[in-house]
S.K.: 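Just dropping this structure here.
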There are 2 protein chains.
Amino acid sequence: MEHRIEQIKKQLHAHSYKLTPQREATVRVLLEREEDHLSAEDVYLLVKEKSPEIGLATVYRTLELLSELKVVDKINFGDGVSRYDLRKEGAKHFHHHLVCIECGSVEEIVNDLLEDVERIVQNEWGFEVKDHRLTFHGICKQCQAATVKAT
Amino acid sequence: MEHRIEQIKKQLHAHSYKLTPQREATVRVLLEREEDHLSAEDVYLLVKEKSPEIGLATVYRTLELLSELKVVDKINFGDGVSRYDLRKEGAKHFHHHLVCIECGSVEEIVNDLLEDVERIVQNEWGFEVKDHRLTFHGICKQCQAATVKAT
DNA sequence: TTTTTAATTTATAATTAATATAATTAAAAG
DNA sequence: CTTTTAATTATATTAATTATAAATTAAAAA
Ligand SMILES: [Zn+2]
Ligand SMILES: [Zn+2]
Ligand SMILES: [Zn+2]
Ligand SMILES: [Zn+2]
């Protein structure tokens, strides 16, 4: 935890941004809830618990800043809100997601499954891939089991 | 064109929805601009040219309905708006996108490049894939050429 | 064809997410 | 310590989307 904060602090400084207490509080929330996919509002409410004086606009600006630094990735699962997802330590690419259309759960796939596909896109379409977004929509394990039981 | 409208009419009736003139006008715009990625507002303005009496809310509702019927796919490229993309005739899955981070262009890949990946997701994660969203972010051919020339 | 009915549209109003503004505060530099 | 710059707050505003209620209409039934 402290180690990653230190690391993010360095990244901020490298771009001559400061690690203010508000920014640190925001990063801590993201680290604590690494598995989740929080909206700006969600983050705001969680940060407020520990730093009640923070403003919503600051959280928005901080998340925007962290996106710019590739510390978080901004993603949209089709409900109206943007969600902010901490990039896994050292990952070059954004991880993938499995969204269940029954229960709404979101599972993560950390393995990069797109290396072959990216090679094809590069070679056959001449497109230089820098990053990707891959989300599967379907039925999660739990909901599959529930369906079988119900029949 | 007429053929696809007829087809969509049948799909609507199958769910006991009507094909109103407003809906037909909306579908025609989507068919005419099949390659584009229009926002609801974009669609509204284009429909208005031919049917000036239509309301924005109707366009929103129609697009929502067409999404539900899988005639269009709703997608978000990270700017604040949802875009509506006509599904290719007969396609089981949503096609892929190449978004250029330099010029903002959006190219389409109609081939399904994810069959192997979906097999892996199914077998190793036990997730039953129904659909997917795949977008690559990178540098398009034109911008690559421009960069080389500039150096 | 006329009637009937449920679906749909219109013309608002209301929500909600996100961004902009200006005054204030905190931090860094000299 | 004083000056300068960056960041935050509190508020207002914008922009996308959704909700509401009254009026209209497509399509099924008579
Ligand atoms: Zn994630
Ligand atoms: Zn599920
Ligand atoms: Zn380009
Ligand atoms: Zn497309």
Side-chain angles (χ1 to χ4, degrees), chain A residues 8-29 37-48 50-69 71-85, chain B residues 5-6 8-29 37-48 50-69 71-85:
Chain A
I8 290 165
K9 185 174 183 175
K10 275 184 199 139
Q11 279 182 271
L12 283 165
H13 286 168
H15 294 255
S16 58
Y17 294 125
K18 301 172 186 169
L19 181 64
T20 62
Q22 292 87 340
R23 285 178 184 167
E24 185 174 334
T26 305
V27 170
R28 280 184 190 280
V29 162
H37 298 88
L38 304 171
S39 68
E41 185 86 30
D42 293 337
V43 174
Y44 169 64
L45 292 173
L46 288 166
V47 175
K48 259 197 120 161
K50 304 212 176 152
S51 313
E53 72 293 348
I54 201 169
L56 178 57
T58 302
V59 171
Y60 268 103
R61 263 179 289 103
T62 301
L63 291 170
E64 207 47 55
L65 181 59
L66 293 173
S67 278
E68 191 190 317
L69 298 179
V71 171
V72 302
D73 289 293
K74 195 174 176 178
I75 191 170
N76 191 297
F77 290 125
D79 54 348
V81 296
S82 295
R83 297 177 180 281
Y84 296 86
D85 205 355
Chain B
I5 301 231
E6 223 17 74
I8 291 165
K9 184 173 183 175
K10 274 184 200 139
Q11 279 183 269
L12 283 166
H13 285 170
H15 294 254
S16 57
Y17 295 126
K18 300 171 185 172
L19 181 65
T20 63
Q22 292 88 339
R23 285 177 184 169
E24 185 173 335
T26 305
V27 170
R28 280 185 192 281
V29 163
H37 297 91
L38 305 171
S39 68
E41 186 86 29
D42 294 337
V43 173
Y44 170 64
L45 292 172
L46 289 166
V47 175
K48 260 197 120 155
K50 304 212 176 150
S51 312
E53 73 294 348
I54 201 170
L56 179 56
T58 302
V59 171
Y60 268 102
R61 261 178 292 102
T62 301
L63 292 170
E64 205 48 52
L65 181 60
L66 294 173
S67 281
E68 189 189 315
L69 298 179
V71 170
V72 302
D73 289 293
K74 195 173 176 180
I75 191 170
N76 191 297
F77 290 125
D79 54 347
V81 297
S82 295
R83 298 179 178 279
Y84 297 84
D85 205 357

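Below, read A as the first sequence line, B as the second, and so on, with proteins coming before strands; counting in each chain starts at 1. Values below: every heavy atom of this structure, side chains too, minus hydrogens, waters and symmetry copies.
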S.K.: Apply the test side chain to side chain contact (heavy atoms under 4.5 Å, CB included) to residues A:L38 and A:V29: give CA-CA distance (whole Å), side-chain angles for both, the deciding distance (0.1 Å), then the verdict.
M.R.: CA-CA 10 Å; A:L38 304 171; A:V29 162; 4.3 Å; yes
S.K.: What integer distance in Å separates B:L65:CG from C:dA7:P?
M.R.: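 In whole Å, C:dA7 P lies 13 Å from B:L65 CG.
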S.K.: Atom CD of B:E68 and atom P of C:dT8: how far apart are they, to the nearest Å?
M.R.: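 One finds 10 Å between P of C:dT8 and CD of B:E68, rounded.
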S.K.: Just wondering, do A:L12 and A:K18 contact through their side chains at under 4.5 Å, heavy atoms?
M.R.: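 No, too far: nothing below the 4.5 Å cut-off.
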S.K.: Go nucleotide by nucleotide along DNA chain D from the 5' end; which of B:L19 and A:V59 gets its closest nucleotide reached first?
M.R.: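 Of the two residues, A:V59 wins.
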S.K.: For the pair A:E24 and A:R28, find out whether any cationic side-chain nitrogen is under 4.0 Å from an anionic carboxylate oxygen.
M.R.: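 Salt bridge flag = yes for A:R28 with A:E24.
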S.K.: Does A:R61 have a side-chain nitrogen or oxygen under 4.0 Å from the phosphate oxygens OP1 or OP2 of C:dT19?
M.R.: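 Negative; the distance criterion is not met.
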S.K.: For side chain to side chain contact (heavy atoms under 4.5 Å, CB included), just list the numbers for B:D42 and B:R83, CA-CA rounded to whole Å, side-chain angles, deciding distance to a tenth of an Å, and then say yes or no.
M.R.: CA-CA 9 Å; B:D42 294 337; B:R83 298 179 178 279; 3.7 Å; yes
S.K.: For a 4.0 angstrom threshold against heavy atoms of chain B, report the outermost contacting nucleotides of DNA chain D in 5' to 3' order.
M.R.: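 Range of nucleotides within reach of chain B: D:dA16 to D:dA27.
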S.K.: Need one value for A:K18: base, sugar-phosphate or nothing, where a base atom within 4.0 Å counts as base even if backbone is also close, heavy atoms only.
M.R.: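 The residue A:K18 makes sugar-phosphate contact but no base contact.
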S.K.: In chain order, what residues pass the salt bridge (Lys or Arg N to Asp or Glu O under 4.0 Å) check against B:E53, with sequence neighbours excluded?
M.R.: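 Partners of B:E53 under the salt bridge (Lys or Arg N to Asp or Glu O under 4.0 Å) test: none.
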S.K.: Measuring to OP1 and OP2 of C:dT9, would you say a side-chain N or O of B:T58 lies under 4.0 angstrom away?
M.R.: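 No, no such contact exists.
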S.K.: Distance check needed: C:dA27 P versus A:E24 CD, whole Å only.
M.R.: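 A:E24 atom CD is separated from C:dA27 atom P by 12 Å.
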S.K.: Closer to the 5' end of DNA chain C via nearest nucleotide, is it B:E53 or B:S16?
M.R.: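 This one resolves to B:S16.
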S.K.: Any non-hydrogen side-chain atom of A:L66 less than 4.5 Å from a side-chain atom of A:Y84?
M.R.: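 Side chain of A:L66 against side chain of A:Y84, heavy atoms only: no contact under 4.5 Å found.
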S.K.: Answer yes or no: is there a side-chain heavy-atom contact under 4.5 Å between A:L69 and A:H15?
M.R.: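 With C-beta onward as the side chain, the pair touches.
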S.K.: By the definition side-chain contact (heavy atoms from CB on, under 4.5 Å), identify the one residue from A:V59, A:T62, A:I8, A:I54 that meets it with A:R23.
M.R.: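 So, applying the side-chain contact (heavy atoms from CB on, under 4.5 Å) to A:R23 and each of A:V59, A:T62, A:I8, A:I54, only A:T62 qualifies.
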S.K.: Atom OH of A:Y44 to atom P of C:dT19: distance rounded to whole Å?
M.R.: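 So the two atoms are 16 Å apart, to the nearest Å.
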S.K.: So, do A:T20 and A:T58 sit near enough that their side-chain heavy atoms are less than 4.5 Å apart?
M.R.: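 They are not in contact (no side-chain heavy atoms under 4.5 Å apart), so the answer is no.
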S.K.: Atom NE2 of B:H13 to atom C1' of C:dT8: distance rounded to whole Å?
M.R.: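 Taking atom C1' of C:dT8 as the reference, NE2 of B:H13 is at 13 Å.
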S.K.: Between the protein and nucleotides 14-18 of chain C, are there any N/O to N/O pairs under 3.5 Å, and if so, what are the atom names and distances?
M.R.:
from, atom 1, to, atom 2, distance (Å)
C:dA18, OP1, A:S82, N, 3.2
C:dA18, OP1, A:S82, OG, 3.1
C:dA18, OP2, A:Y60, OH, 2.8

